[in-house]
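What follows is a set of notes on a single structure, which appears directly below.
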Amino acid sequence: MLKEGDKAPNVTLDLPDGSKTSVAGEAGKILVLYFYPKDDTPGCTTEAQGFTALADDFARAGATIIGVSKDSAARHQKFIDKYGLKLRLASDSDGSVCEAFGTWIEKSLYGRQYMGIDRATFLIGKDGTIARIWRKVKVKGHAEEVLAVAKTL
């Protein structure tokens, strides 16, 4: 399990436009890497809109935002277009990024066990070190909290 102070795994992220980036490719910037279960669902939409509303503030703080889920690139693009999102969304179709960050976990709903993405955010400093981790994120006020910490880096 990753912890604050660890070097972030250098994973490759597939973006909706067909390009790729990586954690190392974002070096020199503060990176907000947030994991969420599914595009266009209530909690995930609220979270993406929260980060979008503060996108200019994150940019002024030198931070870039990337959301990660297992949704396809096409689904991500529809989600971005539908809500006018000002962030990048990465597809983790094979689950390797979730595995590397420990966000693919066993969940429970109405007594049924299943595997899914833990809503988590990793704030990665310019040097590639994990500065802060939020697990089991509560969406309301989360983007503001991440921004406040990002401004201190």
Side-chain angles (χ1 to χ4, degrees), residues 1-23 26 30-55 57-58 63-125 128-151 153:
M1 181 75 72
L2 291 173
K3 59 188 179 311
E4 293 171 8
D6 286 349
K7 199 76 164 163
N10 186 25
V11 294
T12 299
L13 304 162
D14 297 320
L15 303 172
D17 64 3
S19 67
K20 296 179 184 291
T21 189
S22 65
V23 171
E26 299 295 327
I30 297 165
L31 176 60
V32 176
L33 193 62
Y34 82 94
F35 292 81
Y36 65 99
K38 192 165 182 62
D39 289 343
D40 211 4
T41 57
C44 297
T45 300
T46 300
E47 185 174 26
Q49 288 173 322
F51 280 117
T52 292
L54 298 173
D57 296 316
F58 276 101
T64 187
I65 306 164
I66 301 176
V68 179
S69 80
K70 292 187 126 206
D71 289 312
S72 69
R75 187 167 171 99
H76 280 334
Q77 194 58 57
K78 282 183 184 176
F79 187 43
I80 290 167
D81 293 343
K82 182 176 180 178
Y83 294 101
L85 302 177
K86 295 183 195 174
L87 46 88
R88 293 182 289 168
L89 299 178
S91 297
D92 184 24
S93 56
D94 68 1
S96 61
V97 178
C98 288
E99 286 290 337
F101 280 85
T103 61
W104 186 247
I105 63 166
E106 186 173 287
K107 297 173 126 183
S108 178
L109 182 65
Y110 302 117
R112 183 178 70 86
Q113 303 295 112
Y114 65 98
M115 295 301 289
I117 295 177
D118 180 27
R119 189 181 304 278
T121 301
F122 295 79
L123 184 61
I124 302 167
T129 300
I130 299 171
R132 181 80 187 268
I133 300 171
W134 291 265
R135 296 210 181 260
K136 306 230 181 288
V137 167
K138 301 293 183 223
V139 173
K140 187 172 180 164
H142 179 61
E144 292 84 356
E145 185 179 349
V146 175
L147 177 60
V149 177
K151 286 179 174 180
L153 298 182

Within-4.5 Å side-chain heavy-atom neighbours: [X] and [Y]:
| X | Y | value |
| --- | --- | --- |
| Ile124 | Thr129 | no |
| Lys78 | Asp81 | no |
| Asp118 | Tyr36 | no |
| Asp39 | Ser69 | yes |
| Val32 | Thr121 | yes |
| Glu47 | Arg119 | yes |
| Arg88 | Leu13 | no |

*For Asp94, enumerate each residue passing the side chain to side chain contact (heavy atoms under 4.5 Å, CB included) test, keeping only those at least two apart in sequence or located in another chain.*
Asp92, Ser96

Whether the side chain of [X] engages the backbone of [Y] through a donor-acceptor N/O pair (distance < 3.5 Å, no angle test) should be reported.
| X | Y | result |
| --- | --- | --- |
| Thr52 | Lys86 | yes |
| Ser19 | Leu15 | no |
| Thr46 | Pro42 | yes |
| Ser91 | Asp71 | yes |
| Asp6 | Lys3 | yes |

Measure the spacing between [atom1] of [X] and [atom2] of [Y] and express it to the nearest 0.5 Å.
| X | Y | atom1 | atom2 | result |
| --- | --- | --- | --- | --- |
| Ile65 | Leu87 | CD1 | CG | 6.0 Å |
| Leu85 | Gln77 | CG | CD | 9.5 Å |
| Leu153 | Ile30 | CG | CD1 | 4.5 Å |

*List the atom of Ile133, the atom of Glu4, and the distance in Å for their closest heavy-atom pair.*
N-OE2, 3.0 Å

*Kindly indicate whether a cation-pi arrangement holds for Arg75 with Phe79, taking the cut-offs as under 6.0 Å to the six-membered ring centre and within 45° of the axis.*
no

*May I ask you to decide if the ring planes of His142 and Phe51 are parallel, tilted or perpendicular, using 30° and 60° as cut-offs?*
perpendicular

*Geometric class of the Phe35/Phe101 ring pair [parallel <30°, tilted 30-60°, perpendicular >60°]*: tilted

*Taking only Lys NZ, Arg NE, NH1 and NH2, and the carboxylate oxygens of Asp or Glu, determine whether Glu145 and Lys140 approach each other closer than 4.0 Å.*
no

_Please determine whether the number of non-hydrogen atoms from other residues, nucleotides or ligands lying under 6.0 Å from atom NZ of Lys107 exceeds 12._
yes

_Polar side chain donor-acceptor pair, Arg135 to Thr103, under 3.5 angstrom_ = no

